[in-house]
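Below is one structure, written out as structure tokens; the observations come after it.
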Number of protein chains: 2
Amino acid sequence: MLLEYTILGLLSEKPMTGYDLKKVMAASSCLYWSGNNNQIYKALLSLVGQGCLTSETIHQDSAPSKKVYAVTDAGRQALSAWLASVPVEPPEFRNPFLVQLSLAVFAAPGRVGAMLTQYREELELRQAMEHERHRRRQGVMSWLDRQLFANLDRFYQAELDWADQALCEWQQRSEENP
Amino acid sequence: MLLEYTILGLLSEKPMTGYDLKKVMAASSCLYWSGNNNQIYKALLSLVGQGCLTSETIHQDSAPSKKVYAVTDAGRQALSAWLASVPVEPPEFRNPFLVQLSLAVFAAPGRVGAMLTQYREELELRQAMEHERHRRRQGVMSWLDRQLFANLDRFYQAELDWADQALCEWQQRSEENP
DNA sequence: CATGCCATGTAAGGCGTTACATGATTTC
DNA sequence: GAAATCATGTAACGCCTTACATGGCATG
């Protein structure tokens, strides 16, 4: 559902092919789908069937033919009707590391410190990658882009702060109960 | 995979039935599976097949028979081998609200303010629920429990702070470009 | 000569969810 | 008398992922 409306939204800005959509999704940090063919091409077909999109086939000489999709009035209406009706959804925060950590505390306490350190490093790496992406686009960031970046950055920062404190408390605990 | 090892971990603390596991998962905030029958009973069967669990059927007079599962030595070994070998996994943060917001900025800018406010309220509610759970268990919280709570709380707080700032910046922007 | 990009699509399967089915006992 | 708890399991389905298939063109 969300994916279909997302496609509708992306195509509202400018008509695109399925291949373009795939790249946009892969490049975005908030569009969390993998951007795989199966979903995108099926969704496009479905949206055309619902009258929300039109498709125009363009033949190219030095590349395979492509289908450019554009949003219809019905599509624009469907999108805004949906936006007006859906309740805001809560974020879902799935952290397999927390599960791993819980298991380790009982089954391999010796590894807890190393795991926390590794987690920290992983987070720092990802945060740095996001910062790099941000740096490169400086100047061409819209209000929305800035908010999306800020959201992700706060998330990473919160996790990093947590990891620091958890590691600190773990070391204290290890000294007390050796 | 993770689910199976999680079950192994939970049963390491004490033998339980599938029904018990379901309740433990539903009660946990870091065990993000819905705790549905289909997965749990299948996983238990699979783990028995792998020799990681034994099951003992217990007949009860005033309730249906139940199967109590316990971890074998092979199971304990499999768990610690896995813990020693898996790399720490990064958190996956899927926030459908960010997608909704992105769409709204273009397709329904008039709703953006209300959406941010609603998101804030939703977050506050969930944070309050977590605090309540925390308050009730005060005193019986292990180091791990405290860390898991702290992690979730930092997450909510980061989102709340973000929402505040986004709302503030949105209102400023609205005044500048009316 | 290999790799990668452009571009569309299909196939197979894993993971996860809700809902269904059963049936006795306890609680309001 | 209705609803929840205990307890195990099945069925159907949706979502999402990887991998496969095709084939020309460009780049190193």
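Below, chains carry the letters A, B, ... as their sequence lines are ordered, and counting in each starts from 1. The analysis underlying the following values was restricted to heavy atoms, covering all of them including side chains, and did not include hydrogens, waters or symmetry mates.
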Under a 4.0 Å N-O cut-off, is there an ion pair linking E122(B) with R126(B)?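 Looking at R126(B) together with E122(B), the answer is yes, because their closest N to O distance falls below 4.0 Å.
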Short N-O contact, R173(B) and E176(B), less than 4.0 angstrom: no
Results of salt bridge (Lys or Arg N to Asp or Glu O under 4.0 Å) for [X] - residues two or more places apart only:
X: E92(A); result: R94(A)
X: R111(A); result: none
X: D153(A); result: none

Starting at atom [atom1] of [X], determine the distance to atom [atom2] of [N], rounded to an integer number of angstrom.
X: I40(B); N: dT18(C); atom1: CD1; atom2: P; answer: 12 Å
X: M25(A); N: dC16(D); atom1: CE; atom2: P; answer: 10 Å
X: L21(A); N: dT8(C); atom1: CG; atom2: C1'; answer: 13 Å
X: L3(A); N: dC15(D); atom1: CG; atom2: P; answer: 9 Å
X: L31(A); N: dT17(D); atom1: CG; atom2: P; answer: 12 Å
X: H59(A); N: dG23(D); atom1: NE2; atom2: C1'; answer: 16 Å
X: E4(A); N: dC15(D); atom1: CD; atom2: C1'; answer: 12 Å

Tell me the bend of the helix from dC1(C)-dG28(D) to dC28(C)-dG1(D) as the angle between end helix axes, each from five pairs, rounded to the nearest 10 degrees. 40°
Using a 4.0 Å cut-off on protein heavy atoms (strictly under), produce a 5'-to-3' string for nucleotides 1-12 of chain D with B for base contact, S for backbone-only sugar-phosphate contact, and - for none. ----SBBBBBBB
Tell me, which of residues 47-55 of chain B have any heavy atom that sits under 4.0 Å from an atom in DNA chain C? none
Please collect all side-chain hydrogen bond (donor to acceptor under 3.5 Å, both in side chains) contacts where either partner lies in residues 40-53 of chain A, sequence neighbours excluded, each pair once.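 Listed once each, the pairs are E4(A)-S46(A), E4(A)-Q50(A), N38(A)-K42(A), S46(A)-Q50(A).
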Q39(A) side chain N/O closer than 4.0 Å to the phosphate oxygens (OP1, OP2) of dC15(D)? no
S62(B) side chain near dT25(C) phosphate (N/O to OP1/OP2, under 4.0 Å):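 Indeed not, no polar side-chain atom of S62(B) lies that close.
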Would you call the rings of F93(A) and F155(B) parallel, tilted or perpendicular if under 30° counts as parallel and over 60° as perpendicular? parallel
Parallel, tilted or perpendicular, judged at 30° and 60°: which one describes the rings of Y119(A) and F97(A)?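 Judged by the thresholds at 30° and 60°, the geometry between Y119(A) and F97(A) is parallel.
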Between N95(B) and E89(A), is any side-chain donor less than 3.5 angstrom from a side-chain acceptor? no
Side chains of N151(A) and Q147(A): any donor to acceptor distance under 3.5 Å?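 Distance-only check fails for Q147(A) and N151(A).
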For F149(B), which fellow cluster members are found when Ile, Leu, Val, Met, Phe, Trp and Tyr are connected by side-chain heavy-atom distances below 4.5 angstrom, either directly or through intermediates?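 ILVMFWY cluster around F149(B) also holds M141(B).
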Under the 4.5 Å side-chain heavy-atom rule for ILVMFWY, direct or indirect, which residues accompany I58(B)? V68(B)
Taking only residues two or more places apart in sequence, or in another chain, which ones meet R133(B) in a side-chain hydrogen bond (donor to acceptor under 3.5 Å, both in side chains)?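 Scan of R133(B) (side-chain hydrogen bond (donor to acceptor under 3.5 Å, both in side chains), adjacent residues dropped) gives none.
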Excluding sequence neighbours, so at least two apart, what forms side-chain hydrogen bond (donor to acceptor under 3.5 Å, both in side chains) with Q165(A)? E169(A), R154(B)
G35(A) or D61(A): which one's nearest nucleotide on DNA chain D is closer to the 5' end?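 Upstream on the strand: G35(A).
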Residues from residues 85-96 of chain A lying under 4.0 Å of DNA chain D - heavy atoms: none
